[in-house]
*Asks:* 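Please find one structure pasted underneath; my questions will follow.
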Amino acid sequence: TAPVERLPNGQLEISAETEVAASQQKAFLFMGNSRLAAEWSIYVDHISLLSGTDGEAGCKRRCFQQADETGIHWDETILLVDPYNMRRLNIYNAKGFPIYNEGLITEQVFTPVQNGVKIKLLLRLPGQAGLWEILKFYAGSYTVRSVFRGNLKNIKSGIEKQ
């Protein structure tokens, strides 16, 4: 079965999480620093700031899979920041993907736990999406979950070695 959950509001979600032996604040600040993306992402080579303050609401950035900025890339805007708890971004202007959906939302969620913080990465498809968008979301869900898991492994390592 695909790693997609249907939420009560009709949205579809793919997610993965890990626990990190660090403070919620440290994890939140680490994830908000675009310069560290190359260190923890298995999918992104680098992120270029387009406008705003990195990691803050209203920030616009471009994510590149290749160092030479060819091939797959996309833009994202940080829509909402709840300091140390959550960051919500929308993804748009995607180029080069074999499968892509407009209107995707991604979140980084930071929850305190006994010995540190639980970090959850998620990708959501709006509830009003049509059948074709839903099918593409399901088709890409295995890759998305795999990338999330690889990223979380590197995030955990990156934060804990600081």
Side-chain angles (χ1 to χ4, degrees), residues 3 5 11 13-97 99-126 137 140-162:
E5 179 183 354
Q11 292 182 339
E13 179 178 288
I14 305 161
S15 67
E17 60 189 38
T18 193
E19 289 189 12
V20 178
S23 71
Q24 190 176 358
Q25 180 177 359
K26 184 175 182 179
F28 182 85
L29 294 173
F30 180 87
M31 294 292 300
N33 185 343
S34 294
R35 291 185 306 276
L36 297 177
E39 180 179 327
W40 59 259
S41 181
I42 66 167
Y43 198 77
V44 172
D45 177 79
H46 67 281
I47 298 174
S48 297
L49 186 63
L50 300 176
S51 67
T53 302
D54 194 28
E56 297 296 324
C59 169
K60 294 184 185 299
R61 24 192 229 184
R62 183 161 292 150
C63 303
F64 295 96
Q65 191 179 39
Q66 304 296 326
D68 67 2
E69 300 187 354
T70 62
I72 292 175
H73 63 277
W74 66 94
D75 294 341
E76 54 189 31
T77 300
I78 299 178
L79 301 173
L80 179 67
V81 174
D82 178 0
Y84 313 127
N85 296 306
M86 185 268 291
R87 194 177 280 112
R88 179 179 299 144
L89 306 90
N90 72 324
I91 300 168
Y92 59 97
N93 196 28
K95 308 291 184 212
F97 283 89
I99 299 175
Y100 174 71
N101 290 39
E102 281 295 333
L104 296 173
I105 299 293
T106 186
E107 289 184 5
Q108 306 164 351
V109 181
F110 306 86
T111 308
V113 293
Q114 182 78 29
N115 296 310
V117 61
K118 177 173 67 175
I119 301 172
K120 180 178 181 179
L121 302 178
L122 61 89
L123 183 71
R124 285 197 190 117
L125 181 68
F137 193 76
S141 66
Y142 297 95
T143 299
V144 170
R145 184 179 60 183
S146 176
V147 168
F148 280 176
R149 286 178 172 170
N151 287 353
L152 286 166
K153 182 178 177 183
N154 291 343
I155 290 164
K156 177 179 174 65
S157 172
I159 292 170
E160 290 179 350
K161 78 176 183 185
Q162 282 187 335

*Asks:* Roughly how far, to the nearest 0.5 Å, is the OG atom of S23 from the CG atom of L29?
*Replies:*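 Here the interatomic distance stands at 8.0 Å.
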*Asks:* Check whether any side-chain heavy atom of I91 lies under 4.5 Å from a side-chain heavy atom of L123, and answer yes or no.
*Replies:*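 Contact flag for I91/L123 side chains = yes.
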*Asks:* With heavy-atom distances below 4.5 Å as the criterion, would you say the side chains of Q108 and L121 are in contact?
*Replies:*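 Touching, per the 4.5 Å side-chain cut-off.
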*Asks:* How long is the straight-line distance from OG of S51 back to CZ of R61, given to the nearest 0.5 Å?
*Replies:*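 The OG atom of S51 is 11.5 Å from CZ of R61, to the nearest 0.5 Å.
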*Asks:* How many angstroms lie between CG in N154 and NZ in K156, if you round to the nearest 0.5 Å?
*Replies:* 12.0 Å
*Asks:* Between I47 and C63, what is the shortest heavy-atom contact and its length?
*Replies:* CG1-SG, 3.8 Å
*Asks:* Please find the pair of heavy atoms, one from M86 and one from F28, that lie closest to each other, and give the distance.
*Replies:*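 Here M86 and F28 meet closest at O-CE1, 3.7 Å.
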*Asks:* Is the closest side-chain donor-acceptor distance between T77 and Y92 under 3.5 Å?
*Replies:* yes
*Asks:* Considering non-hydrogen atoms only, spot the tightest contact between F64 and S48 and give its length.
*Replies:*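 F64 and S48 have their closest heavy atoms at CE1-OG, 3.7 Å.
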*Asks:* With distance as the sole test, does N151 use its side chain to make a donor-acceptor pair with the main-chain N or O of I42 at under 3.5 Å?
*Replies:* yes
*Asks:* Carefully, step by step, assess R88 and I105 under the rule side chain to side chain contact (heavy atoms under 4.5 Å, CB included).
*Replies:* CA-CA 7 Å; R88 179 179 299 144; I105 299 293; 3.5 Å; yes
*Asks:* Would you say the side-chain atoms of H46 and E69 include a donor-acceptor pair closer than 3.5 Å?
*Replies:* yes
*Asks:* If you round to the nearest 0.5 Å, how far is CD of E5 from OG of S141?
*Replies:*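 Here the interatomic distance stands at 12.5 Å.
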*Asks:* Please report the shortest heavy-atom distance between I72 and Y43, naming the atom on each side.
*Replies:* CD1-OH, 3.5 Å
*Asks:* Let me confirm one number: the CG-CG distance from D54 to L49, rounded to the nearest 0.5 Å.
*Replies:* 5.5 Å
*Asks:* Measure the shortest side-chain to side-chain distance between V81 and R87 over non-hydrogen atoms and say whether it is less than 4.5 angstrom.
*Replies:* yes
*Asks:* What's the shortest heavy-atom distance between D45 and Q66, and which atoms?
*Replies:* CB-C, 3.9 Å
*Asks:* What I'd like to find out is whether the side chain of N85 reaches to under 4.5 Å of the side chain of F110, using heavy atoms alone.
*Replies:*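 Counting from C-beta outward, N85 and F110 never come under 4.5 Å.
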*Asks:* Who passes salt bridge (Lys or Arg N to Asp or Glu O under 4.0 Å) against E13, sequence neighbours left out?
*Replies:*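 E13 satisfies salt bridge (Lys or Arg N to Asp or Glu O under 4.0 Å) with K120, R124 only.
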*Asks:* Using the benzene-type ring in the case of Trp, are the ring centres of Y100 and W74 under 6.0 Å apart?
*Replies:* no
*Asks:* Report yes if the side chains of E17 and T111 come closer than 4.5 Å at any heavy-atom pair, otherwise no.
*Replies:* no
*Asks:* Show the numbers, then the answer: is there a side chain to side chain contact (heavy atoms under 4.5 Å, CB included) between K95 and N93?
*Replies:* CA-CA 7 Å; K95 308 291 184 212; N93 196 28; 3.2 Å; yes
*Asks:* Between Y84 and V117, is any pair of side-chain heavy atoms under 4.5 Å apart?
*Replies:* no
*Asks:* Can I159 and I119 be said to form a side chain to side chain contact (heavy atoms under 4.5 Å, CB included), step by step?
*Replies:* CA-CA 11 Å; I159 292 170; I119 301 172; 3.9 Å; yes
*Asks:* Strictly distance-based, threshold 3.5 Å: is any side-chain N or O of E160 a donor or acceptor partner for the main-chain N or O of A21?
*Replies:* yes
*Asks:* Once rounded to the nearest 0.5 Å, what's the spacing between atom CD1 of I14 and atom OG of S146?
*Replies:* 11.5 Å
*Asks:* Which residues satisfy the side-chain hydrogen bond (donor to acceptor under 3.5 Å, both in side chains) test with Q65, sequence neighbours excluded?
*Replies:* none
*Asks:* I'd like to know whether L104 forms a side chain to side chain contact (heavy atoms under 4.5 Å, CB included) with L125, so could you lay out the CA-CA distance, the side-chain angles of the two residues, the decisive distance to 0.1 Å, and finally the verdict.
*Replies:* CA-CA 5 Å; L104 296 173; L125 181 68; 3.9 Å; yes
*Asks:* Taking all atoms of both residues into account, what is the closest heavy-atom pair of S15 and L122, and its distance?
*Replies:*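 Distance-wise, the nearest heavy atoms are CB-CB, 3.9 Å.
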